[in-house]
Amino acid sequence: GIPESLGLRRTYWQILLGYLPSDTLAWDKEREAKRSLYMQWKKDLIVDPHSGLVEEDDHPLNTDHSSKWHEFFADGEIMEEIDKDVQRTLPDLHFFCGGCDQPNTMSEHYHALRRILFIFAKLNPGIKYIQGMNELLAHLYYVFMTDGPPGYRPAVEDVEADSFFCFTNLMA
């Protein structure tokens, strides 16, 4: 097996899943480009009509397909399906459930899984979300978040982006 706590498992998985190129000198540039792309998709695909970026004549009852409110409610159906499964993801693992002892609360890690699966569904309308995807993604995310030397604390945003691209390649 791969030695524990050196960050090798994370790196090997990223190479084997086609996220990192074989040229180690290109890793930082590749990560930066993909993380930037993922952040842009988060900004573009997760619609929040409360953000103030909605046209003045747009309102929650607008049925026009170009309406941000219409898109928000349509996305809500996908998000509801994803939420059901994400909240049941590895419930015995404190990593995911820490702080989830209150009803209707989700950890930052559950929120990251939720966003990844939602963006995947939006970018892949033929597939969308299928039950069980959360279980595959959770293992990638957990390893990328925890595999490293003592004191290793990566940014959730970076791990979220890395997990998204590895998950996408896994699903391809």
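All figures in this text were calculated on a predicted structure; none of them were measured in a lab. Residues take their numbers from the sequence shown, with the count starting at 1.
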request  = Report yes or no: do Y129 and N124 form a side-chain donor-acceptor pair below 3.5 Å?
outcome  = no
request  = Please work out which of the three classes, parallel, tilted or perpendicular, describes the rings of Y38 and F165, given edges at 30° and 60°.
outcome  = perpendicular
Grouping I, L, V, M, F, W and Y whenever their side-chain heavy atoms are under 4.5 Å apart, do V143 and L16 come out in a common cluster?
no
When every non-hydrogen atom of N169 is compared with those of L17, the smallest separation belongs to ND2-O, 2.8 Å
For D44 and Q40, does a side-chain donor sit closer than 3.5 Å to a side-chain acceptor? yes
message = Would you say the ring centers of W13 and Y19 fall short of 6.0 Å from each other?
response = no
dist T146:OG1 -> L93:CG (nearest 0.5 Å) comes out at 8.5 Å
- Query: Among the clusters formed by ILVMFWY side chains lying less than 4.5 Å apart, do F164 and I15 turn up in the same one?
  - Reply: yes
In this structure, SG of C166 is separated from CG of L140 (nearest 0.5 Å) by 6.0 Å
| message | Is there a continuous path of hydrophobic side-chain contacts, each under 4.5 Å between heavy atoms, that joins M145 to L136? | response | yes
From the list R115, R114, K34, salt bridge (Lys or Arg N to Asp or Glu O under 4.0 Å) partner of E160 resolves to R115
I would like to know whether F167 and L117 meet side-chain contact (heavy atoms from CB on, under 4.5 Å); could you show each step before the answer?
CA-CA 9 Å; F167 175 74; L117 292 168; 3.9 Å; yes
Determine the interplanar angle of the F95 and H109 rings, folded into 0 to 90°, and report it as parallel if under 30°, tilted if 30 to 60°, perpendicular if over 60°. parallel
(Q) Please check this pair: side chain of R10 against backbone of D147, looking for a donor-acceptor N/O pair closer than 3.5 Å. (A) yes
Between L113 and T89, the two heavy atoms sitting closest are CD1-CG2, 4.2 Å
| request: Assert yes or no for the condition that the ring centre distance of F96 to Y110 is strictly below 6.0 Å. | output: yes
Taking every heavy atom of D23 against every heavy atom of W27, the minimum-distance pair comes out as O-CD1, 3.3 Å
| said: Starting from I130, can I reach M171 by hopping between I/L/V/M/F/W/Y residues whose side chains sit under 4.5 Å apart? | reply: yes
Output for pair (Q131 CD, E81 CD), nearest 0.5 Å, gives 8.0 Å
Point to revise | N134 and I82, any side-chain heavy atoms less than 4.5 Å apart | key: no
In terms of heavy-atom contacts, D85 and G132 come closest through OD2-N, 4.2 Å
Going by heavy atoms in the side chains, are Q14 and D162 under 4.5 Å from each other? yes
- Report the C-alpha separation of L20 and R31 in whole Å, then their side-chain angles, then the decisive distance to 0.1 Å, and conclude whether the side-chain contact (heavy atoms from CB on, under 4.5 Å) test is met. CA-CA 8 Å; L20 293 177; R31 278 189 181 119; 3.4 Å; yes
K128 and M133 have their tightest heavy-atom pair at O-CE, 3.9 Å
Whether over 12 other heavy atoms sit under 6.0 Å from E32 CD: no
| query | Are V159 and M39 linked, directly or through other ILVMFWY residues, by side chains that come within less than 4.5 angstrom of each other? | reply | yes
I78 and A121 have their tightest heavy-atom pair at CG2-CB, 4.0 Å
